[in-house]
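Everything below concerns the one structure shown next.
Just so it is clear: chains get the letters A, B, ... in the order the sequence lines come, proteins before strands, and each one is counted from 1.
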Amino acid sequence: MKFIEIPASDFDLAMTLDSGQVFHWEKADNGFVGTIGDCAVYIEECGELLRASVASASSRLISDDGQDAHAAICRYFALDHPLAEICASFPDDPAMNAARHFCRGLRIIRQPKWECLATFICSSMKQVAHIRQISLALRRRLGERRKVGDHAVYTFPPAQRIARATENDLRECALGYRAKNLLATARLISSGECDLESWSALSDPDLREKLCSLPGVGAKIANCVLLFAYERLRAFPIDVWIERVLKQKYFPRKKKVTEPRLREFSETYFGEHGGYAQQYLFHHARMISRKSGTPRDSSTTLRSARNDKREDARIASRKPSPQASREAHLAKLSAPLG
DNA sequence: ATACAGGCTCGCC
DNA sequence: GGCGAGCCTGTA
């Protein structure tokens with residue numbers, strides 16, 4: 001592998017890739033392999049230096065002097081974000097200060113729009129480990145294989161490619177009910193009816209509204225795409241983790257905090273880089289609970305009660321168990337063709 | 001084993 | 001126009 005070297009201060013590669021904003025990078029050698037757009041990339045961190053190898057479609061290095069690759073990496077990892085200033089703009093309170101201290105070097109990266117949107121459509125009601133699996137399955141089945149050094153990686157399939165797939169193809173990538181949404185959205189993009197690139201010109205609220213019009217995209221996912229693909233650093237996605245953090249740290253005495261109240265608070269209190277603040281709070285909370293067991297609260301209890309009811313309903317209606325339907329699915333797959 | 005995940009959508013009231 | 005139920009599947 002031929003390497004290029006890029007100075008990068010104020011950057012923690014591993015934390016950035018493990019902070020739940022991107023799901024396809026895998027550990028390899030002393031660093032990570034993945035893709036940036038259509039290129040296969042190996043990257044590792046040596047102190048204040050990044051060492052990277054980038055292979056384009058034909059498996060050769062992009063250019064001999066590595067200028068394109070250099071620029072692509074700086075852009076993708078947002079090395080131009082003034083991180084010190086951004087962190088200084090966060091509010092000064094105990095929760096925020098702890099997160100800011102814990103997440104030093106964490107950057108919000110610039111992801112390709114379709115890849116980011118599609119991945120987050122797949123993320124609903126899923127844990128990180130599973131989102132990673134879905135992303136990999138989609139890439140293996142519908143993406144293109146690339147090599148960087150000895151490592152094989154797969155590009156994320158373009159909307160046109162997914163639009164040509166069947167719902168069943170996608171279900172076989174473990175998407176479940178998300179398959180229908182991903183397919184419908186892929187078709188809207190692929191047909192040109194919706195143009196993610198041209199939406200860059202829209203204001204935050206207009207862009208959010210456009211994204212929410214896509215099947216499988218609600219406020220949470222739209223905000224993730226605003227933040228991770230459109231550089232709208234104010235966008236503040238509220239998922240169950242952040243909801244817990246906000247309620248516990250900022251509304252400790254309140255019994256019920258309504259969703260509009262929480263949204264209003266998140267949009268005003270955290271300032272112009274609210275999305276960054278959110279990512280820091282999110283990552284910090286996840287890492288803390290990974291150490292010492294998952295904290296339970298009323299919202300999770302509520303959710304489990306709901307799930308119980310669903311299960312009761314399933315039994316009452318004598319639907320096949322998950323186990324049985326999985327076996328039926330497998331049997332169908334192994335049946336002779338034609 | 002079984003509860004629970006980084007939700008969205010639709011039907012109901 | 002708020003509330004709850006249904007949707008799929010893998011992991012802890």
Side-chain angles (χ1 to χ4, degrees), chain A residues 18-23 108 116-138 167-185 208 211-228 235-246 256 258-263 266 275 278-287 289-317 319-330:
Chain A
D18 188 36
S19 65
Q21 54 178 319
V22 64
F23 302 96
I108 305 251
C116 180
L117 170 63
T119 306
F120 277 95
I121 286 177
C122 299
S123 77
S124 86
M125 285 296 294
K126 286 288 176 205
Q127 303 178 30
V128 171
H130 195 195
I131 303 169
R132 296 178 65 88
Q133 260 178 247
I134 291 175
S135 166
L136 181 61
L138 282 173
E167 187 180 325
N168 224 33
D169 289 334
L170 300 181
R171 280 179 181 266
E172 284 172 14
C173 298
L175 265 74
Y177 65 87
R178 303 158 195 83
K180 194 188 294 283
N181 293 332
L182 181 62
L183 186 58
T185 294
R208 188 178 291 115
L211 288 168
C212 285
S213 76
L214 298 169
V217 181
K220 192 270 175 182
I221 290 175
N223 277 326
C224 285
V225 178
L226 254 78
L227 181 59
F228 301 135
F236 199 107
I238 300 180
D239 54 53
V240 298
W241 286 93
I242 284 294
E243 187 181 328
R244 247 177 292 193
V245 172
L246 293 182
K256 274 208 284 191
T258 61
E259 185 246 311
R261 179 75 190 91
L262 220 50
R263 190 167 45 76
S266 70
Q278 174 274 152
Q279 199 64 15
Y280 277 45
L281 290 171
F282 172 79
H283 185 64
H284 185 221
R286 268 187 72 225
M287 293 302 113
S289 84
R290 191 181 280 187
K291 264 191 210 166
S292 58
T294 310
R296 300 183 62 114
D297 68 357
S298 56
S299 73
T300 38
T301 318
L302 208 77
R303 192 186 297 277
S304 95
R306 283 214 314 246
N307 279 344
D308 289 347
K309 275 189 193 164
R310 287 173 203 173
E311 188 59 11
D312 292 343
R314 184 184 66 72
I315 291 166
S317 64
K319 283 200 187 144
S321 72
Q323 174 74 32
S325 53
R326 197 147 47 230
E327 278 164 11
H329 177 64
L330 289 174

What is the distance from [atom1] of [X] to [atom2] of [N], rounded to the nearest Å?
X: Ile238(A); N: dC8(B); atom1: CD1; atom2: C1'; result: 16 Å
X: Phe23(A); N: dA5(B); atom1: CZ; atom2: P; result: 16 Å
X: Asn181(A); N: dC10(B); atom1: CG; atom2: P; result: 9 Å
X: Glu243(A); N: dA5(B); atom1: CD; atom2: C1'; result: 14 Å
X: Glu172(A); N: dG10(C); atom1: CD; atom2: P; result: 12 Å
X: Leu175(A); N: dG10(C); atom1: CG; atom2: C1'; result: 13 Å
X: Gln127(A); N: dA3(B); atom1: CD; atom2: P; result: 15 Å
X: Met125(A); N: dC7(C); atom1: CE; atom2: P; result: 13 Å

For dC12(B), give its Watson-Crick or G-U wobble partner with both distances under 3.5 Å, or none.
dG2(C)
Taking only the side-chain nitrogens and oxygens of Arg171(A), find out if one of them lies under 4.0 Å from OP1 or OP2 of dC8(C).
yes
Would you mind classifying the nucleic acid contact of [X] as base, sugar-phosphate or nothing, using non-hydrogen atoms under 4.0 angstrom?
X: Ile221(A); value: sugar-phosphate
X: Gly20(A); value: base
X: Leu214(A); value: sugar-phosphate
X: Pro237(A); value: nothing
X: Val128(A); value: base

Does any non-hydrogen side-chain atom of [Y] lie less than 4.5 Å from one of [X]?
X: Ile242(A); Y: Pro237(A); value: no
X: Val245(A); Y: Phe282(A); value: no
X: Leu175(A); Y: Leu138(A); value: yes
X: Leu214(A); Y: Leu117(A); value: yes
X: Leu246(A); Y: Phe236(A); value: yes

Distance between the P atoms of dC8(C) and dT2(B), in whole angstroms?
22 Å
If you go through the side-chain atoms of Arg178(A), does one of them form a donor-acceptor pair with the base of dC8(C) closer than 3.5 Å?
yes
Is there a donor N/O on one and an acceptor N/O on the other, under 3.5 Å, for the side chain of Lys126(A) and the base of dG6(B)?
no
Looking at dC8(B), dA5(B), dT9(C), which one has an atom nearest to any side-chain atom of Lys220(A)?
dC8(B)
Nearest to the side chain of Ser124(A), which nucleotide is it out of dT9(C), dA12(C), dG7(B)?
dG7(B)
If you find the nucleotide of DNA chain B closest to Pro215(A) and the one closest to Phe120(A), which residue's nucleotide is nearer the 5' end?
Phe120(A)
